[in-house]
Amino acid sequence: MLWQRAEQVRTNHRDSMPDPVVTRFAPSPTGFLHIGGARTALFNWLYARGRGGKMLLRIEDTDRERSTQAAVDAILDGLSWLGIAWDGEVIFQFARSARHREVAEQMLASGHAYRCYASAEELTQMREAARREGRSKLYDGRWRDRDPREAPPSVKPAIRLKAPLTGETVIDDQVQGRVAWQNENLDDLVLLRSDGTPTYMLAVVVDDHDMGVTHIIRGDDHLTNAARQKQIYDSLGWHVPTMAHIPLIHGPDGSKLSKRHGALGVDAYRAMGYLPPALRNYLVRLGWSHGDQEIFSTEEMIEAFDLPQIGRSPARFDFAKLENLNGHYIRQSADAELVTAIDRLLLHLANGANLAAKLTPRLRQQFLTAMPSLKERAKTLIDIIDGAHFLFADRPIPLDDRAKALLTLEAKALLGETAQELIAVEPWTSEGIEQAVRRLAERRGLKLGAVAQPLRAALTGRITSPGIFEVLAVLGKEESLGRVLDQLTDADVSLRAP
RNA sequence: GCGCCCUUCGUCUAGCGGUCUAGGACAUCGCCCUUUCACGGCGGAAACACGGGUUCGAUUCCCGUAGGGCGCGCCA
């Protein structure tokens, strides 16, 4: 069994080597894998990988109402896409409730827990009174030492921890430092509900122990829970794992991260055209630093990552920096890899199927040829797709407003001349085309831009694009001339064919 | 309300008592490159929340104040 194995591992190593590092990522499957969870997973993964350890994955699905299989799938899919691999089988917490109950019974037997018969109304009253009087202890421990024979016959008891009354509970946190709570402020938490199901507090402690978790790295929204969990560990006589509570990610305005801010599922980042290495790089630098280094390969991250360098203040999510980093990784990527990445991305885009259908072998080749200049101009994969719109467009290609405005009568006349020049170009190479166009501009005493811009408008339908000679070369002679001629059909402009 | 945590350029951060005229990155502004847009290069502007201590000396240590966050369920 899982916990026996963990126990065994622990004993075997007690006198020899320090325990191998075991971390865990423990999301509850009530929604997608959001960006904060992704960072927590990344930190756990990096820490384990950097020390030859393991990162386990536990799905905290004890809330039967809110847990869904779709959410489990989304979490696994999100982690996989991000390149964060967990070790071993995925553990589902709900499946372990018998074990949790067993531990609660054990604590009852050893006198570390007791049955509480307080009713929901009583509890509410106690809570309200405590708040009113400024006390932080919400449950007064009224059944702690009371004779169970006094129990009301109709009430099913919950099992509560007999927490220490005096002294303090201390967590030596790798990120937060020494954090202490006065025990008089902590009340007796519920271990087992009256319906016999374990609470989160109990389940987490038991699972982390049984799984042999050595390092708990999680959001600092759990810091207060850590104190209560420490009390459970102590009651059980179990070794407390090393804790590291990392600050949460905030929105750009410093408030809680909302959907509008970027609290999206990682699938949304995929759909926005971000690359996993870029997202990982962005996330690892959010709250953690390694001197002045900004760019980290996966290997470098694993090598450099450590807990003490994590800051204690919450970081704000900044799309601009993510974009910049993504642009960096896009420029860094091989052209073929980007085409492949876009192939995969198309599966997740609303109009992806349409574009995918257009990707004939010929177009794919054009796409690949254009990639060096496309990726230079892109911050996301979506930018690349958008930049390549001139490849996907069908004749006659639609012109946007600014392109239309650019194609004045004079411009069209010039375009006509350019077309004549181009007809003579052979072979159809970027260099040959450039020579021809430059020659024309020179002969007419024009700046290159004066010739290039109308050409760009006619070929791409826009006023910005990759280098115009590359566009011409990639499109091919026939298509290029066709697009130019499409713009010259007005009665007042005629191309005098030779 | 109670408990706990946080506070260096707009943002992410370096700094771990003198090296700070506070460094880097993103964003921003200017210039250069240039067929557009980018990329790239160069340069500029930009911060130690406030008030007390401790110390020969505080961005660094301590205490307050202010501001922000998290937690406070028989949710996870």
Side-chain angles (χ1 to χ4, degrees), chain A residues 26-30 60-63 65-67 93 116 118 120 123-124 127 130-139 156-160 171 173 175-177 179-182 185-187 189-195 197-201 203-204 219-228 245 247-248 250 252 254-256 282 285-295 311-325 327 331 373-379 383 387 406 434 437-438 441 447-453 455-457 460 462-469:
Chain A
S28 45
T30 54
E60 309 216 315
D61 57 347
T62 53
D63 185 338
E65 297 291 305
R66 297 195 300 151
S67 298
Q93 191 161 57
C116 169
L123 259 15
T124 310
R127 244 195 313 275
R131 289 234 163 110
R132 218 179 304 123
E133 292 157 33
R135 285 181 284 115
S136 63
K137 200 163 181 164
L138 267 20
Y139 172 72
K156 280 209 213 123
I159 295 180
R160 284 183 185 268
I171 298 291
D173 195 275
V175 173
Q176 305 288 336
V179 188
W181 289 262
Q182 295 306 310
N185 291 327
L186 268 17
D187 56 15
L189 70 258
V190 171
L191 262 12
L192 216 56
R193 298 185 190 99
S194 47
D195 66 0
T197 60
T199 60
Y200 164 78
M201 287 301 170
V204 168
D220 71 2
D221 50 338
H222 285 286
L223 187 57
T224 318
N225 291 337
R228 326 202 76 188
H245 287 90
L248 267 15
H250 285 182
S255 65
K256 192 174 170 175
Y282 177 69
R285 281 285 291 104
L286 209 52
W288 174 81
S289 63
H290 186 63
D292 284 339
Q293 189 172 349
E294 297 285 348
I295 305 292
R312 287 200 249 181
S313 53
R316 301 181 187 202
F317 193 85
D318 181 13
F319 264 111
K321 189 147 186 172
L322 206 211
E323 279 212 336
N324 174 275
L325 228 27
R331 272 170 261 131
S373 60
L374 247 20
K375 72 184 184 186
E376 199 72 32
R377 294 163 169 78
K379 293 208 186 313
D383 288 346
L406 195 80
E434 177 162 0
V437 175
R438 282 192 188 278
K447 300 213 317 195
L448 189 52
V451 185
Q453 279 305 83
L455 205 45
R456 189 184 319 277
T460 69
R462 301 186 182 177
I463 61 165
T464 65
S465 81
I468 194 62
F469 307 120

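Below, chains carry the letters A, B, ... as their sequence lines are ordered, and counting in each starts from 1. Computation of the quantities below employed the complete heavy-atom set of this structure, encompassing side-chain atoms and omitting hydrogens, waters and symmetry-equivalent molecules.
Within 4.0 Å of A/Ser289, counting heavy atoms only, lie sugar-phosphate atoms of the nucleic acid but no base atom. Residue A/Glu294 is in base contact, counting any heavy-atom pair closer than 4.0 Å across all strands shown. Across all strands shown, A/Lys447 has no heavy atoms under 4.0 Å from either base or sugar-phosphate atoms. At a threshold of 4.0 angstrom between heavy atoms, the contacts of A/Thr30 with the nucleic acid are absent.
Using N1 to N3 plus N6-O4 or O6-N4 for Watson-Crick, or N1-O2 and O6-N3 for G-U wobble, each under 3.5 Å, B/rC74 pairs with nothing. The partner of B/rU65 is B/rA49, by the rule that a Watson-Crick or G-U pair needs both atom distances under 3.5 Å. Pair assignment for B/rU36: none, as no Watson-Crick or G-U wobble contacts are both less than 3.5 Å. For B/rC31, the paired base is B/rG41 (Watson-Crick or G-U wobble, both distances below 3.5 Å). As the counterpart of B/rA14, no nucleotide is assigned, since no Watson-Crick or G-U wobble pattern has both distances under 3.5 Å.
Of all nucleotides listed (B/rA25, B/rA76, B/rG10), B/rG10 comes nearest to the side chain of A/Asp318. Which of B/rA25, B/rU11, B/rA76 sits closest to the side chain of A/Ser28 comes down to B/rA76.
With sequence neighbours left out, A/Arg285 forms a salt bridge (Lys or Arg N to Asp or Glu O under 4.0 Å) with A/Glu294. Every residue meeting the salt bridge (Lys or Arg N to Asp or Glu O under 4.0 Å) condition with A/Arg438, not counting sequence neighbours, appears here in chain and number order: A/Glu434. Evaluation of the salt bridge (Lys or Arg N to Asp or Glu O under 4.0 Å) rule for A/Asp173 yields no partner, not counting sequence neighbours.
Across the protein-nucleic acid pair, A/His245 atom NE2 and B/rC6 atom P stand 14 Å apart, rounded to whole Å. Across the protein-nucleic acid pair, A/Leu406 atom CG and B/rC37 atom P stand 12 Å apart, rounded to whole Å. Rounded to whole Å, the distance from CG on A/Leu374 to C1' on B/rU36 is 15 Å.
A donor and an acceptor atom sit less than 3.5 Å apart, one in the side chain of A/Lys321 and one in the base of B/rA25. Between the side chain of A/Arg377 and the base of B/rU36 there is at least one donor-acceptor pair of N/O atoms closer than 3.5 Å.
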Every protein N/O within reach of nucleotides 29-35 of chain B N/O, cut-off under 3.5 Å:
{"unit_1": "B/rU35", "atom_1": "O2", "unit_2": "A/Arg456", "atom_2": "NH2", "d": "2.5"}

Could you write out each protein N or O paired with an N or O of nucleotides 40-46 of chain B at a distance under 3.5 Å?
{"unit_1": "B/rG40", "atom_1": "OP1", "unit_2": "A/Arg331", "atom_2": "NH1", "d": "3.4"}

What do the steps show when you test A/Gln176 against A/Arg312 for side-chain contact (heavy atoms from CB on, under 4.5 Å), and what is the final call? CA-CA 6 Å; A/Gln176 305 288 336; A/Arg312 287 200 249 181; 3.9 Å; yes
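Residue A/Glu65 qualifies as open at atom CD: its count of foreign heavy atoms under 6.0 Å is 12 or below.
A gap of 23 Å separates the P atoms of B/rC48 and B/rC63, to the nearest Å. B/rA49 sits 25 Å from B/rG44 when the P atoms are compared, rounded to a whole Å.
Proximity of A/Lys375 to the phosphate of B/rC39: no side-chain N or O atom is located under 4.0 Å from OP1 or OP2. Applying the 4.0 Å criterion to OP1 and OP2 of B/rC6, one finds that A/Arg312 has a side-chain N or O inside that range.
Side-chain atoms of A/Thr30 do not come within 3.5 Å of backbone N or O of A/Arg66 as any donor-acceptor pair. Between the side chain of A/Asp187 and the main chain of A/Tyr139, a donor-acceptor pair closer than 3.5 Å is present.
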Do nucleotides 61-74 of chain B as a string where each nucleotide becomes B, S or -: B if the base has a protein heavy atom under 4.0 Å, S if just the sugar-phosphate does, - if no protein is that close. -------SSSSBSB
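Between A/Tyr282 and A/Phe319, the ring center distance fails the sub-6.0 Å criterion.
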